Participant: 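I am attaching a structure below and will ask some questions about it afterwards.
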Protein chains: 2
Amino acid sequence: MKPQQQSHALAYCGAARDILTIIGAKWSVLVVSLLEERAKRFSELKREIGDVTQKSLTTVLRELEKDGIIERVVTPIVPPRVDYSLTPLGRSLLVPIKSLRIWAMENHPAIVQSRSRYAEKEAA
Amino acid sequence: MKPQQQSHALAYCGAARDILTIIGAKWSVLVVSLLEERAKRFSELKREIGDVTQKSLTTVLRELEKDGIIERVVTPIVPPRVDYSLTPLGRSLLVPIKSLRIWAMENHPAIVQSRSRYAEKEAA
DNA sequence: GCATTCAGTATCCAACGGAAACTAAAGTCT
DNA sequence: AGACTTTAGTTTCCGTTGGATACTGAATGC
């Protein structure tokens, strides 16, 4: 979106989209949520998430690091040790994430139901 | 993610990811926000958003309709008229969206700053 | 010497998303 | 009569992104 085409009511749009790009990334909310408990290693995150590829996990961790949401600490030993933890900024992100999670829990059934209604409607 | 691989703490994950897939879609939050004011026509939304293609707008509107977040009302005249409006479910989604928007407004500068710090760090 | 661990890369391929052109159907202009 | 306009899309093409799989390097345990 070109800024000059936005209406006054949409001034927040750039920032909002930017944030949505972050938390909309496939594994970011899960990673942030897992790091709420404590700092964790790469392999630990991978194990806990289950079916995420190294590449995808690396990508999302790097992105969150760039954005200042997590911190990456490398201990140069062999085998290498890398710890990830939430920054204060990352910790503050837990607030809107929680709000979203609550909405998700409450309304997910309704969405699933709506989808199946739509599916059988278009099957007819 | 295969459900049986999730830890107990991540039971919400499926629902949360599902919701994030919706609101993470490129134009959905903007569309939902624009429909907060009142029901709007396809062309109206396209004009207000600015640089979205018909295809992308159609896709996101169809998706939000499937999920029961917006309602699509066709008036069979020529030229066709299609009105989109928020359902009660869609209206309830405005709550977490607002929470996210507030966080975005407050923390976007910090994120931008963190990114440029990262950029010059890796340039070195 | 061989396998394993850890934190990634590299390569390949499928899916998604955008740009631009096309469509239908009626009313209006010339 | 023929051309143009509007609305809400669809179609085709194409570039970028994201996932699956395989590979790397260095030390340690068997």
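Reckoned from all heavy atoms, side chains included, excluding hydrogens, waters and symmetry mates. What you see is a predicted model; the values in this text were computed from it and never measured.
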Participant: Please give me the minimum heavy-atom distance between V29(A) and I23(A), naming the atom from each residue.
Facilitator: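 Shortest heavy-atom contact: CG2-O, 3.5 Å.
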Participant: Please identify each residue that fulfils side-chain contact (heavy atoms from CB on, under 4.5 Å) with S99(A), with sequence neighbours left out.
Facilitator: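 Testing S99(A) for side-chain contact (heavy atoms from CB on, under 4.5 Å), a comparison that skips the adjacent residues, returns P96(B), S99(B).
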Participant: Without placing hydrogens or testing angles, list every side-chain donor-acceptor pair under 3.5 Å for residues 85-93 of chain A, not counting sequence neighbours.
Facilitator:
{"residue": "T87(A)", "atom": "OG1", "partner": "G68(A)", "partner atom": "O", "Å": "2.6"}
{"residue": "T87(A)", "atom": "OG1", "partner": "I69(A)", "partner atom": "O", "Å": "3.1"}
{"residue": "T87(A)", "atom": "OG1", "partner": "L89(A)", "partner atom": "N", "Å": "3.4"}
{"residue": "T87(A)", "atom": "OG1", "partner": "G90(A)", "partner atom": "N", "Å": "3.1"}
{"residue": "S92(A)", "atom": "OG", "partner": "L89(A)", "partner atom": "O", "Å": "2.7"}
{"residue": "S92(A)", "atom": "OG", "partner": "W103(B)", "partner atom": "NE1", "Å": "2.9"}

Participant: Residues two or more places apart in sequence or in another chain: which of them pass side-chain contact (heavy atoms from CB on, under 4.5 Å) with T53(A)?
Facilitator: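 Residues passing side-chain contact (heavy atoms from CB on, under 4.5 Å) with T53(A): K55(A), S56(A).
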Participant: Distances under 3.5 Å only, N/O to N/O: pair up the protein atoms with those of nucleotides 17-19 of chain D.
Facilitator:
{"residue": "dG19(D)", "atom": "OP2", "partner": "S56(A)", "partner atom": "OG", "Å": "2.6"}
{"residue": "dG19(D)", "atom": "N7", "partner": "K55(A)", "partner atom": "NZ", "Å": "3.0"}
{"residue": "dG19(D)", "atom": "O6", "partner": "K55(A)", "partner atom": "NZ", "Å": "2.6"}

Participant: Of all nucleotides in DNA chain C with an atom under 4.0 Å from a non-hydrogen atom of chain A, which is the first and which the last going 5' to 3'?
Facilitator: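 From 5' to 3', the first and last contacting nucleotides are dT5(C) to dT11(C).
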Participant: Taking distance alone, no hydrogens or angles, what donor-acceptor pairs closer than 3.5 Å link side-chain atoms of residues 35-42 of chain A to residues at least two apart or in another chain?
Facilitator:
{"residue": "E37(A)", "atom": "OE1", "partner": "K40(A)", "partner atom": "NZ", "Å": "3.2"}
{"residue": "R38(A)", "atom": "NH1", "partner": "E44(A)", "partner atom": "OE2", "Å": "2.8"}
{"residue": "R38(A)", "atom": "NH2", "partner": "E44(A)", "partner atom": "OE2", "Å": "2.8"}
{"residue": "K40(A)", "atom": "NZ", "partner": "L34(A)", "partner atom": "O", "Å": "2.9"}
{"residue": "K40(A)", "atom": "NZ", "partner": "E48(A)", "partner atom": "OE1", "Å": "3.4"}
{"residue": "K40(A)", "atom": "NZ", "partner": "E48(A)", "partner atom": "OE2", "Å": "3.2"}
{"residue": "R41(A)", "atom": "NH2", "partner": "P80(A)", "partner atom": "O", "Å": "3.3"}

Participant: Want to settle it: does D83(B) or V52(A) sit nearer the 5' end of DNA chain D, counting the closest nucleotide to each?
Facilitator: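 Going by which nucleotide is closer to the 5' end, it is D83(B).
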Participant: What is the separation between atom NZ on K46(B) and atom P on dA8(D), rounded to the nearest whole Å?
Facilitator: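 My rounded result for the distance is 12 Å.
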Participant: Write out a two-atom table: protein N or O, nucleotide N or O from nucleotides 25-30 of chain D, distance below 3.5 Å.
Facilitator:
none

Participant: Using the side-chain hydrogen bond (donor to acceptor under 3.5 Å, both in side chains) rule, collect all pairs that involve residues 64-73 of chain A, keeping only residues at least two apart or in two chains.
Facilitator: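 For residues 64-73 of chain A: D67(A)-R115(B), R72(A)-Y84(A).
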Participant: For the pair S114(A) (side chain) and A110(A) (backbone), establish whether a donor and an acceptor sit closer than 3.5 Å, ignoring hydrogens and angles.
Facilitator: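 Judged by distance alone, no pair lies under 3.5 Å.
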Participant: Would you say dG9(D) has OP1 or OP2 under 4.0 Å from some side-chain N or O of R72(B)?
Facilitator: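 Result: yes.
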Participant: Which residues satisfy the salt bridge (charged side-chain N to carboxylate O under 4.0 Å, His left out) test with E106(B), sequence neighbours excluded?
Facilitator: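 Salt bridge (charged side-chain N to carboxylate O under 4.0 Å, His left out) check on E106(B) returns nothing, list empty.
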Participant: Any donor and acceptor pair, going by atom type alone, linking the side chain of R101(A) with main-chain N or O of A16(B) inside 3.5 Å?
Facilitator: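 Not confirmed, R101(A) side chain does not pair with A16(B) backbone.
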Participant: Between dA20(D) atom P and L57(A) atom CG, what is the distance in whole Å?
Facilitator: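 Checked: the CG to P distance equals 13 Å.
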Participant: So which pairs with a foot in residues 73-85 of chain A pass salt bridge (Lys or Arg N to Asp or Glu O under 4.0 Å), sequence neighbours left out?
Facilitator: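 Counting only pairs at least two positions apart or across chains, the salt bridge (Lys or Arg N to Asp or Glu O under 4.0 Å) contacts touching residues 73-85 of chain A are R81(A)-D83(A).
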